[in-house]
Amino acid sequence: MRLFLLPISTRRTLLYCQNLQALPSDNQPWIDKITLRAAKLWAGWEQKESGWQKAVVRYGNRALRRIPYEEWGLKSVPTLSARRRQEEIMGKEKHHLIFPQSIIPTTRAPQILQTLATERETLHRSRLIWCFVGMPISAPFALVPIVPNLPFFYLAYRAWSHYRALAGGKHLQWLLSNNFFTVCPSDTLDTIYPRHLPSSNSSEQESKYSKSESSDQIESGKPPLAQERLLLTQDSGRKLARALKIPELEVELERAIWQVETAIRKQSQVSERASPPEPEQPKPEKK
């Protein structure tokens, strides 16, 4: 299993897990089998040229794009089953923590992973409970003919999504508490990130920014020392996915970059409105 820490901006990092040892279909948990069948059904609806299935997919994809990228990252981590736990204790499965050392110092990488694993735990637990509360309320919509009970299925999906995020976070905490991973700075990532760092007056300033400001702000929960800046663009995100030879990572990066870029734009607009107007210069009196 490979765990990637991919900074999107100077304050936000995308977590992505590449599971190299997927279980055979016969040994998969029942919830994973249901998820696979749902994904195939959704892909079939996407092929429709028109109809209510196509409309559901169109609006559904918009809703899925707005699910926080942090949640998608935690969901990419497999659940800690009894079999996987035993294999990790016996050392049969190796885990690598991969990150760009030009942005994240080696000593800070485990701390950032710990933050990403725990910072949203309370949020996912409360949202999971509210989804369970809403599911019985939305059940009567099943009486509507023709169209399926979309509110119920949406709440069921969100409940599963929050559960998987919680399970992924628990798995990461288990790995961290037992030190079952190897820290692996990536030269491949280092060749991509420096090319897309914000422009600076000199390479010395750029190095200072990468080591101090970025590593401090990349951990959430701390006030920013400077204005947040993007470290990846959509184009560099595609290059990163191709360089790592992980095609499915491109979608995750595209979503994360779009969300962070939107958030930074909104923050800039709020800051501009909150900043006091410049005082008017007094006009010289005419003699």
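- Put simply, the side chain of V251 reaches to within 4.5 Å of the side chain of R255, judged on heavy atoms.
- Smallest separation of non-hydrogen atoms from A165 and K75: N-CG, 3.9 Å.
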key: From CA spacing to verdict: side-chain contact (heavy atoms from CB on, under 4.5 Å), I264, L230   = CA-CA 8 Å; I264 293 176; L230 277 175; 4.0 Å; yes
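- Note that the NE2 atom of H124 and the CD atom of E119 stand 9.0 Å from one another [nearest 0.5 Å].
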query = Should L5 and L97 be marked as a side-chain contact (heavy atoms from CB on, under 4.5 Å) after you check the CA-CA gap, both sets of side-chain angles, and the distance that decides it?
reply = CA-CA 7 Å; L5 295 178; L97 181 60; 3.8 Å; yes
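- The two atoms that bring A243 and I192 nearest to each other are CB-CD1, 3.6 Å, heavy atoms only.
- Considering only heavy atoms from C-beta on, L64 comes within 4.5 Å of W72 through its side chain.
- Of the inter-residue distances, the one linking C131 atom SG with H162 atom NE2 reads 4.5 Å to the nearest 0.5 angstrom.
- Between the CG atom of L116 and the CG atom of L15 there is a distance of 6.0 Å, given to the nearest 0.5 Å.
- A donor-acceptor pair shorter than 3.5 Å cannot be found between the side chains of T10 and E228.
- Ring centers of W160 and Y163: at least 6.0 Å apart, outside the cut-off.
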request  = Please test I257 against T233 for side-chain contact (heavy atoms from CB on, under 4.5 Å), starting from the C-alpha separation and ending with a verdict.
outcome  = CA-CA 7 Å; I257 294 170; T233 63; 5.7 Å; no
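- The distance from atom CG of L176 to atom CD of Q111, rounded to the nearest 0.5 Å, is 10.5 Å.
- If you chain together hydrophobic residues whose side chains sit under 4.5 Å apart, W258 and L14 never meet in one group.
- Taking 4.5 Å as the limit, every side-chain heavy atom of R125 sits out of range of all side-chain heavy atoms of R120.
- L6 and Y193 get closest at one heavy-atom pair: C-OH, 3.4 Å.
- The closest donor-acceptor contact from the side chain of S9 to the backbone of R11 lies under 3.5 Å.
- The two residues P140 and P136 make their nearest non-hydrogen contact at CD-O, 3.5 Å.
- Comment: E71 does not engage R164 in a salt bridge, judged by the lack of any side-chain N to carboxylate O separation of less than 4.0 angstrom.
- Here Q227 contributes atom CD and Q267 contributes atom CD; the two are 9.0 Å apart, rounded to the nearest 0.5 Å.
- A donor-acceptor pair is defined here as one N or O able to donate and one able to accept, closer than 3.5 Å; no such pair exists between the side chain of E252 and the backbone of Y69.
- R83 has its side chain out of reach of Q86: every pair of non-hydrogen atoms, C-beta onward, lies at least 4.5 Å apart.
- Judged by distance alone, the side chain of D190 and the main-chain N or O of S102 form a donor-acceptor pair under 3.5 Å.
- Cluster annotation: L155 is not connected to W130 through the hydrophobic network of ILVMFWY side chains, with a link wherever side-chain heavy atoms come within less than 4.5 Å.
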request  = Apply side-chain contact (heavy atoms from CB on, under 4.5 Å) to I8 and L231, showing your working.
outcome  = CA-CA 5 Å; I8 304 299; L231 299 179; over 6 Å; no
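- Placement of L74 and L123 in two distinct hydrophobic clusters is found when ILVMFWY residues are connected by side-chain heavy-atom separations under 4.5 Å, directly or transitively.
- Of the possible donor and acceptor atoms, one in the side chain of Q259 sits under 3.5 Å from a partner among the backbone N and O of R65.
- At distances below 3.5 Å, at least one donor-acceptor pair connects side-chain atoms of T118 with backbone N or O atoms of Q114.
- Residues Y16 and E248 have side chains in contact (heavy-atom distance under 4.5 Å, counting atoms from C-beta outward).
- Across every non-hydrogen atom of I246 and R2, the tightest pair is CD1-NH2, 3.8 Å.
- Counting only heavy atoms from C-beta outward, the side chains of I104 and P7 approach each other to under 4.5 Å.
- Taking 4.5 Å as the limit, some side-chain heavy atom of V183 sits within range of a side-chain heavy atom of F181.
- For the atom pair CE of M135 and CZ of F153, the computed distance is 9.5 Å after rounding to the nearest 0.5 Å.
- I98 places none of its side-chain heavy atoms less than 4.5 Å from the side chain of T188.
- Of the N and O atoms on the side chains of Q101 and T106, at least one donor lies less than 3.5 Å from an acceptor on the other residue.
- E121 and K170 are joined by a salt bridge, as a carboxylate oxygen and a charged side-chain nitrogen come within less than 4.0 angstrom of each other.
- In this structure a side-chain-to-backbone donor-acceptor pair under 3.5 Å is missing from S161 to Y157.
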